[in-house]
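Letters A, B, ... are given to chains in the order of the sequence lines, protein chains preceding strands, and every chain is numbered from 1. This is a predicted model, so every value here is computed, not measured.
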Protein chains: 2
Amino acid sequence: MASLRTAVAGAAARKQVSRPGRAASAPRMGLVPSTQRLPLDEVIVGDCLAALDRLPPASVDLVFADPPYNLQLGEGSLLRPDQSAVDAVDDDWDQFASFEAYDTFTRAWLTACRRVMKPTATLWVIGSYHNIFRVGSALQDLGFWILNDIVWRKANPMPNFRGKRFTNAHETLIWASRSPQKGYTFHYEALKGGNEDLQMRSDWFIPLCTGEERLKGSDGRKVHPTQKPEALVARTLLSASNPGDVVLDPFFGTGTTGAVARRLGRRFIGIEREETYAAAARARIAAVEPLSTAALLTAPTKRAEPRVPFLSVIEAGHVRPGETLTDERRRFKALVRPDGTLAAGPATGSIHKIGALVQGFPACNGWTFWHVERAGKLVCIDDFRGTMRAGMRSA
Amino acid sequence: MASLRTAVAGAAARKQVSRPGRAASAPRMGLVPSTQRLPLDEVIVGDCLAALDRLPPASVDLVFADPPYNLQLGEGSLLRPDQSAVDAVDDDWDQFASFEAYDTFTRAWLTACRRVMKPTATLWVIGSYHNIFRVGSALQDLGFWILNDIVWRKANPMPNFRGKRFTNAHETLIWASRSPQKGYTFHYEALKGGNEDLQMRSDWFIPLCTGEERLKGSDGRKVHPTQKPEALVARTLLSASNPGDVVLDPFFGTGTTGAVARRLGRRFIGIEREETYAAAARARIAAVEPLSTAALLTAPTKRAEPRVPFLSVIEAGHVRPGETLTDERRRFKALVRPDGTLAAGPATGSIHKIGALVQGFPACNGWTFWHVERAGKLVCIDDFRGTMRAGMRSA
DNA sequence: GATTTACTTGAATCTACAG
DNA sequence: TCTGTAGATTCAAGTAAAT
């Protein structure tokens, strides 16, 4: 059964390669006319598969999905040590007859999401051990490419009242691109800057959604049983999308994704089956104050900066032809030629090639490797490039 | 699976009969006669399926499995920024033709393990996002009952050298019982006592296996590419087995499970395909000094002050994105961005970098430099960090 | 001998773009 | 679509070498 599942899913995935940028292909079902207009910043009430099929292909930049977890709870209710009852997730939408039924459901919505994702889009799914292994396997079977699994470490998890297991103190998010193809958005430097100048790790420590942030009904009870903290969703959107990007959430619930998207200057498409949740989401999102554009401006990453030929650095007079370049520790030397190449002995080539050559390395960033002497001190030639880029910005 | 190799039966095999009163069923294959004698505290060299089929059913109390991860590495080698090559895991034993092939392999060894597990036995499997979703799904499909997923947070993970993903800083263990039936071993109180009287959580912070603990050959190179830290295995054995219990490891490698089992007064059965690894394991285990029963309590892990990202301070609401930070004498200003970086004019970066920049210094401690105004007074952002650290100590 | 600095290493699905 | 090249990129520990 499982092998058949894999084969079928694989075949479906192979067949379904949309070609964005060329002809806009027909909607998957062929029954519902495709509207090319995106229902932006709206909550669509209805079945998520039907709603997804009505969206144009290759139209969203990011998907955040918090699907049903398929919790398999026992019969009786769970009691705390003080005999109060734990408010368990036993809603109809979380009930599946079998793992197979859950797998079918999972493959269906993932396939539908994949169709509407741009080739450069990525997808986030959150789950617990009850469902995340099914979801992860389905992702791989459908041709998604897992980039990371992220652990949401809960600051204040519910203890295990019976003392029969470890405190279930985390949930797992999977971050995947549509295919192994490169070119997705990842704000590496920004995340590093917000994390003590260290790479952001795959384990995130974030409190549960409680207190003011938790939506409560007029009866004082929580509106949705599994509302996620905005901080968690915000980190996914900040890391893998840009201001103005379209974020899709096929299990919108009470609209955490929409609220965060609006606050961070992203557009959203929310799909939710229950009108009660959708209504709560609309009211919640309307109250969100978007951040100022100034606070959202994305800093240009080094990769996005304009290219500066080394020849331009020479032409600007920062380095003279005939000068000698050396490395930080003055172990190697090279001669600057008027055409922007370097010479080391008989060999000539770019600053990168000669840098690699003299060190015996396969590659080298010549900009950071080579230095010139100015007033008795070594100056990195990358400093000149920085000066020139600053001049280009002000011009 | 086709090649059934004969196990090397150690001459010094201790004789142990499986529990009387339990029906000794025929071996699964029906080809090799079942030996009712358990090969305790030995390393069986050979194919793990064949070896498992020769063990009597319902005979082990715990399984610890570290199967191949099925890493799918690219063509070229990965270079660090200093151009040194990463020693990748590209061994033959980690190569599978497809997910389907890996699934087949996984179901086979899990099924074989399940047969030899006592009804009360539990199983641990470790993996990464490359394989753990396949393993978890297979476990559920085969009737295992997942008790917890545990996150091994690595103290010193390998960074992401290209800056294209989050640092892959954890691996996942699944802890499962043979079936939903109750009655497994879990030392709740002991673990709680070793964890400052707090329930042991599902996220464990443990360093990699390096230094003295890492087995090295005569050439000084690591014997096995994926040796696991003893602390990790010890915690699984302490939590889910009793002294004298039989612990099975079907992917024994260099015998971490055996060494830990011996040290903690458990018996072990190790199965390993490569004689080189098995030989190293035997020598290693022979050198292990078993602990006295009284000394088996977990040693509390010493922990440094947790690092707090400025992003977490924002997420916690202590500082709002779009707010202005200033120094104690209000000479400099910077804008707080939602990703935890600051902006001063066109420049963006961490609290430390921007603090240094505005002062014209080479470095700056942003935590003590930057302040926000609260009720007309300046509050240092380091105060917020202190508050957050207090809240994190329980985690 | 004590302290500082340099070097090594760990389960890795690790680039982007012009021509 | 493929190829060649510009050029961007690392954290925590442990060990060895240098001061």
Asker: Categorize Arg385(A) for me: base, sugar-phosphate, or nothing, with a 4.0 angstrom heavy-atom threshold over every strand shown.
Answerer: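 Sugar-phosphate, backbone atoms only, no base.
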
Asker: Taking dT5(D) as the reference, what is the distance to dC14(C) when you measure between their P atoms (whole Å, please)?
Answerer: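 It works out to 23 Å between them.
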
Asker: Heavy atoms under 4.0 Å, any strand shown: does Gln83(B) hit a base, just sugar-phosphate, or nothing?
Answerer: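 Gln83(B): base contact, heavy atoms under 4.0 Å.
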
Asker: Considering heavy-atom distances to DNA chain D, does Gln199(A) or Trp367(A) have its closest nucleotide positioned more toward the 5' end?
Answerer: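 In this pair, the answer is Trp367(A).
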
Asker: Rounded to whole Å, how long is the line connecting atom CG of Asp382(A) with atom P of dT9(D)?
Answerer: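 After rounding, the gap between these two atoms is 10 Å.
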
Asker: Assess the pair Trp175(B) and Phe64(B): is the distance between their ring centroids shorter than 6.0 Å?
Answerer: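 No; Phe64(B) has its ring centre 6.0 Å or more from that of Trp175(B).
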
Asker: Will you find, in the side chains of Trp370(A) and Glu328(A), an N or O donor that is under 3.5 Å from an N or O acceptor?
Answerer: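 No pair is found: no donor N or O on one side chain lies under 3.5 Å from an acceptor on the other.
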
Asker: Whole-Å distance between dC11(D) P and Leu191(A) CG?
Answerer: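 Rounding to the nearest Å, CG of Leu191(A) and P of dC11(D) are 13 Å apart.
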
Asker: Syn or anti for dT13(C), taking syn as within 90° of 0?
Answerer: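 Syn, since the glycosidic angle lies within 90° of 0.
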
Asker: Over how many whole Å does the gap from Asp197(A) atom CG to dA12(D) atom C1' extend?
Answerer: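 So the two atoms are 16 Å apart, to the nearest Å.
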
Asker: Rounding to the closest angstrom, what is the interatomic distance between dA12(D) and dT13(C) at atom C1'?
Answerer: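 Their C1' atoms lie roughly 23 Å apart.
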
Asker: Do Lys118(A) and Asp245(A) pass the salt bridge (charged side-chain N to carboxylate O under 4.0 Å, His left out) test, and can you show the C-alpha distance, the side-chain angles, and the key distance before you say yes or no?
Answerer: CA-CA 11 Å; Lys118(A) 292 181 186 172; Asp245(A) 275 2; 5.7 Å; no

Asker: Are more than 12 heavy atoms, taken from residues, nucleotides or ligands other than Arg331(A), located less than 6.0 Å from that residue's CZ atom?
Answerer: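 Result for CZ/Arg331(A): enclosed.
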
Asker: What nucleic acid atoms does Ser350(A) come within less than 4.0 Å of, heavy atoms only: base, sugar-phosphate, or nothing?
Answerer: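 Since only primed, P, OP1 and OP2 atoms lie under 4.0 Å of Ser350(A), the category is sugar-phosphate.
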
Asker: Do Arg178(A) and Trp145(A) form a cation-pi contact, if we require the NZ or CZ to be under 6.0 Å from the six-membered ring centre and within 45 degrees of the ring's axis?
Answerer: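 Not satisfied by the 6.0 Å and 45° rule.
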
Asker: To the nearest Å, give me how far apart CD (Gln181(A)) and P (dT1(D)) are.
Answerer: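 That distance rounds to 10 Å.
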
Asker: Looking at Trp204(A) versus Trp152(A), is the centre-to-centre ring distance below 6.0 Å?
Answerer: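 Here the rings of Trp152(A) and Trp204(A) have centres that are no less than 6.0 Å from each other.
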
Asker: Starting at the 5' end of nucleotides 9-19 of chain C, put B wherever the base has a protein heavy atom under 4.0 Å, S where only the sugar-phosphate does, and a dash everywhere else.
Answerer: BBBBBBSS---

Asker: Considering only the C1' atoms, how many Å lie between dA12(C) and dA6(D), rounded to the nearest integer?
Answerer: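 Per the computed distance, 24 Å lies between those C1' atoms.
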
Asker: Taking the nucleotide of DNA chain D with the closest heavy atom to each, which residue, Glu189(A) or Leu198(A), is nearer the 5' end?
Answerer: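 In this pair, the answer is Glu189(A).
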
Asker: Is it the case that the side chains of Gln199(A) and Thr167(B) hold a donor-acceptor pair, with the cut-off being a distance below 3.5 Å and no angle test?
Answerer: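 Yes, side-chain donor-acceptor contact under 3.5 Å.
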
Asker: Side chains of Ser128(B) and His130(B): is there a donor and an acceptor less than 3.5 Å apart?
Answerer: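 Yes, side-chain donor-acceptor contact under 3.5 Å.
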
Asker: Does His352(A) place a side-chain N or O at less than 4.0 Å from the phosphate oxygens OP1/OP2 of dA6(D)?
Answerer: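 Looking at the OP1 and OP2 atoms of dA6(D), neither is under 4.0 Å from any side-chain N or O of His352(A).
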
Asker: CG of Asn365(A) versus P of dT5(D): gap in Å, rounded?
Answerer: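 Answer to the nearest Å: 16 Å.
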
Asker: Using the rule side chain to side chain contact (heavy atoms under 4.5 Å, CB included), only one of Leu191(A), Thr301(A), Leu147(A) pairs with Phe186(A); which is it?
Answerer: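 Option passing the side chain to side chain contact (heavy atoms under 4.5 Å, CB included) with Phe186(A): Leu191(A).
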
Asker: Would you verify whether the NZ or CZ of Arg134(B) falls within 45 degrees of the ring axis of Phe133(A) while also being under 6.0 Å from that six-membered ring's centre?
Answerer: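 That pair does not qualify as a cation-pi contact.
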
Asker: With rounding to whole Å, what would you report as the distance between dA11(C) and dG7(D) at their P atoms?
Answerer: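 After rounding to an integer number of Å, I get 34 Å for this pair.
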
Asker: Would you please enumerate the stems DNA chain C participates in, each stem being three or more consecutive Watson-Crick or G-U wobble pairs with both distances under 3.5 Å?
Answerer: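 Paired runs of 3+ in DNA chain C: C:2-10 with D:11-19, C:15-19 with D:2-6.
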
